[in-house]
Amino acid sequence: MKTKLKFTVDSALLGELGERLVESEHIALVELVKNAYDADATKVIIQINNKKDNEIQIIDNGTGMTIDTVKRYWMRIATTNKAINNTSIIYGRPKTGEKGIGRFSCRRLGNKLQLITTAKNKNNYERTNVYFDWDSFTPGSEVTSITCPGNYELYKNGEPGTTLLISGNNTINWDYRKFNYIQRHLAVLVANRGIKRKGYKPDPGFEIVLVAPDFESKPIDLRDKFINGGWGTLTGKVNSKGEAEYFLEALGIGRKGIIAKNKYPTLKDISMTIGIIPVKKEHLRDQSILSIGSLKKVLPDWGGVQIRHKGFRVYPYGDDDWLDIDRDRGLSLASVNDEDILSRAKSLKAFDVDPRRFLISLLSMRGYVGQVEIGPKAIGFEMKANREGFIDSEAFNELKQFVRYGINWST
């Protein structure tokens, strides 16, 4: 007698996916943040509260999901969506989430989950709420026989994004080792400070704020920690007198400050923050956020000094050698023709600084990570017709001198 058979899925599979494929809680949390990155979020807030039922909140401002997307992808096991659509819709980011396991990572973090997601459809915003009680998926039961209660509503106005509220796991022990793992692996994502990809909108970058009162009293901006984790952080500004003020906070040096003898009368409303990040373990101030492995991945793509004009990134600065750093390294330039810098270098001879050869220690342009801010009061900066950079001007030439002086001094 002929018959037809079909596969069924036992609820025990969710345990295999969520608790065995995802090896630990900190890996699970990183996977969920990768989902936000893949959804074109520019900011994610992570809150970890040990004292409140180990509650975890992950809040992003990505594209969110409509109810149809929730049904077709979030509620479907082993979807091929990321394999087929391997770049994000708005910014063209290469997707980072693996195996579609992010949603099952939630099981590693708690037995209860509330998914709140808002997305734009053709005419409205859809807000969807779904509640998951993972304990109801007991081994021996059919996955498809268990319902997850939820609802969705339509609004004329809204803000896209997704929030995950996870609770109900009293066995997790968040310690500093796990906390530092999370910071190091998420630093790879926050290194994205903006890029253009052909055929997509300019990517403004990715910001992560970590709120964990059991470990840090204040919210942690992982991008700031990334920049401040290297050998040194160089800051500078042009004051109302046209003088350039610089400060360097660095390993083995502490905090030093100078006012350059050179003046920049054209520059107004200019400031900069640059992390100096050599790929050497002994030269890192914060190894809880930076590792040699992550730097080797991050710096070739995201290293460089960007320019932001009135809050918006100006291309291609930061992707190119606009400060002539790699040019000077290629020429094996050992010093500069600047009496002010040379006199400062000579004053450090007691510390084995050779004023004739100090630029030998210059990093590649990718080893300087940060941005120069040109504020709304600045004048003399005119964009090219194709919007790719500034027209050569006295103001732009002074800007290059201002930034490069600070890098030379820090070197």
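The distance from the CD1 atom of Ile277 to the OH atom of Tyr368 is 11.0 Å, given to the nearest 0.5 Å. Here Arg108 contributes atom CZ and Ile56 contributes atom CD1; the two are 12.0 Å apart, rounded to the nearest 0.5 Å. Between the CG atom of Leu399 and the OH atom of Tyr317 there is a distance of 9.0 Å, given to the nearest 0.5 Å. A distance of 9.0 Å separates CG in Leu186 from NZ in Lys34, rounded to the nearest 0.5 Å. Summarising the geometry, atom CG belonging to Asp324 is positioned 5.5 Å from atom CG belonging to Asp321; distances are rounded to the nearest 0.5 Å. The CZ atom of Phe402 sits 10.5 Å away from the CD1 atom of Ile407 when rounded to the nearest 0.5 Å.
Put simply, the side chain of Trp322 never gets that close to the backbone of Lys400: no donor and acceptor are under 3.5 Å apart. Judged by distance alone, the side chain of Thr162 and the main-chain N or O of Thr117 form no donor-acceptor pair under 3.5 Å. In this structure, Glu126 contributes its side chain and Ile67 its backbone to a donor-acceptor pair below 3.5 Å. The closest donor-acceptor contact from the side chain of Arg329 to the backbone of Met365 lies at 3.5 Å or more, if one exists at all. Between the side chain of Asn61 and the main chain of Thr42, a donor-acceptor pair closer than 3.5 Å is present. Distance alone, capped at 3.5 Å, is enough to place a donor-acceptor pair between the Gln287 side chain and the Lys281 backbone. A donor-acceptor contact shorter than 3.5 Å is absent between the side chain of Asn124 and the backbone of Lys156.
Surrounding CZ of Phe312 are at most 12 heavy atoms belonging to other residues, nucleotides or ligands under 6.0 Å away. Within a 6.0 Å sphere centred on NZ of Lys261, other residues, nucleotides and ligands contribute 12 heavy atoms or fewer. Environment of OH in Tyr152: sparse, with no more than 12 heavy atoms of neighbouring residues, nucleotides or ligands closer than 6.0 Å. Enclosure of atom CG in Asn337 is not indicated, since only 12 or fewer non-hydrogen atoms of other residues, nucleotides or ligands lie within 6.0 angstrom. Counted within 6.0 Å of NZ on Lys71, heavy atoms from surrounding residues, nucleotides or ligands total 12 or fewer; the atom is thus considered open. The number of heavy-atom neighbours closer than 6.0 Å to CZ of Arg357, taken from other residues, nucleotides and ligands shown, is 12 or below. Summarising the local packing, CD of Glu159 is surrounded by 12 or fewer heavy atoms from other residues, nucleotides or ligands at distances under 6.0 Å. Enclosure of atom CG in Leu251 by more than 12 non-hydrogen atoms of other residues, nucleotides or ligands within 6.0 angstrom is indicated.
Between the side chains of Glu373 and Gln371, no donor N or O sits under 3.5 Å from an acceptor N or O. Donor-acceptor pairing under 3.5 Å is lacking for the side chains of Asn121 and Thr66. For the 3.5 Å distance criterion, the side chains of Gln401 and Asn262 fail to qualify, holding no donor opposite an acceptor. Side-chain contact check for Asp286 and Ser288: at least one donor-acceptor pair (N or O, by modelled atom type) lies under 3.5 Å. Side chain to side chain, Thr233 and Asn228 meet the donor-acceptor criterion of an N or O pair below 3.5 Å. Side chains of Thr87 and Arg197: a donor-acceptor N/O pair is absent below 3.5 angstrom, by distance only. Asn192 and Asp203 form a side-chain donor-acceptor contact under 3.5 Å, judged by distance and modelled atom types alone. For the 3.5 Å distance criterion, the side chains of Arg184 and Asn180 fail to qualify, holding no donor opposite an acceptor.
Cation-pi geometry between Arg93 and Tyr37 is met: the NZ or CZ atom falls under 6.0 Å from the ring centre, inside 45° of the normal. Under a cutoff of 6.0 Å and an axis angle of 45°, Lys120 and Tyr125 form a cation-pi pair.
Between Ile360 and Leu362 the shortest side-chain heavy-atom distance does not fall below 4.5 Å. At least one side-chain heavy atom of Leu115 sits less than 4.5 Å from a side-chain heavy atom of Trp74.
What you find for Ile289 and Gly229 is that their closest heavy atoms are CG2-CA, 4.3 Å. Between Ala378 and Ile270, the closest heavy-atom pair is CB-CD1, 4.4 Å. Residues Ser335 and Leu333 come closest through the heavy atom pair O-CG, 3.3 Å. Nearest heavy atom pair, residue Gly257 against residue Phe247, reads CA-CD2, 3.7 Å. The minimum heavy-atom distance linking Ile307 with Phe396 is given by the pair CD1-CE1, 4.0 Å.
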Is there a side chain to side chain contact (heavy atoms under 4.5 Å, CB included) between Val369 and Val298? Walk through the geometry before answering. CA-CA 10 Å; Val369 182; Val298 162; over 6 Å; no

Evaluation steps, side chain to side chain donor-acceptor pair (under 3.5 Å), between Asn111 and Arg107: CA-CA 6 Å; Asn111 55 23; Arg107 281 183 62 106; over 6 Å; no

Please walk me through it: do Asp340 and Arg344 pass salt bridge (Lys or Arg N to Asp or Glu O under 4.0 Å)? CA-CA 6 Å; Asp340 187 17; Arg344 294 180 191 278; 3.1 Å; yes

Run Asn239 and Glu245 through side chain to side chain donor-acceptor pair (under 3.5 Å) and show every step you take. CA-CA 7 Å; Asn239 64 27; Glu245 301 176 358; 2.9 Å; yes

Go through it in stages, so that I can follow the logic: the residues are Glu398 and Tyr264, the test is side chain to side chain donor-acceptor pair (under 3.5 Å), and I'd like the CA-CA distance, side-chain angles, deciding distance and then a yes or no. CA-CA 6 Å; Glu398 283 193 4; Tyr264 303 94; over 6 Å; no

Passes side chain to side chain donor-acceptor pair (under 3.5 Å), Thr63 versus Asp40? Steps please. CA-CA 6 Å; Thr63 53; Asp40 284 319; 5.6 Å; no

Walk me through it: do Trp409 and Lys256 pass the test side chain to side chain contact (heavy atoms under 4.5 Å, CB included)? CA-CA 11 Å; Trp409 170 66; Lys256 302 289 183 183; 4.2 Å; yes

Report the C-alpha separation of Leu165 and Ile116 in whole Å, then their side-chain angles, then the decisive distance to 0.1 Å, and conclude whether the side chain to side chain contact (heavy atoms under 4.5 Å, CB included) test is met. CA-CA 8 Å; Leu165 304 177; Ile116 308 166; 4.1 Å; yes

For Ser141 and Ile146: C-alpha separation, side-chain torsions, deciding distance, then whether side chain to side chain contact (heavy atoms under 4.5 Å, CB included) applies. CA-CA 8 Å; Ser141 64; Ile146 301 168; 3.5 Å; yes

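In this view, Asp269 satisfies the salt bridge (Lys or Arg N to Asp or Glu O under 4.0 Å) rule with no residue, not counting sequence neighbours.
Taking the six-membered ring wherever Trp is involved, the centroid distance between the rings of Tyr181 and Tyr176 does not fall below 6.0 Å. Aromatic pair Phe390/His309: centroids less than 6.0 angstrom apart. For an aromatic pair to be called close, the ring centres must be under 6.0 Å apart, and Phe137 with Phe132 fails this.
Checked for salt-bridge contact, Arg72 and Asp68 meet the test: a charged N lies under 4.0 Å from a carboxylate O.
Checked against Asp319 for a salt bridge (Lys or Arg N to Asp or Glu O under 4.0 Å), the options Arg193, Lys196, Arg313 give a single hit: Arg313.
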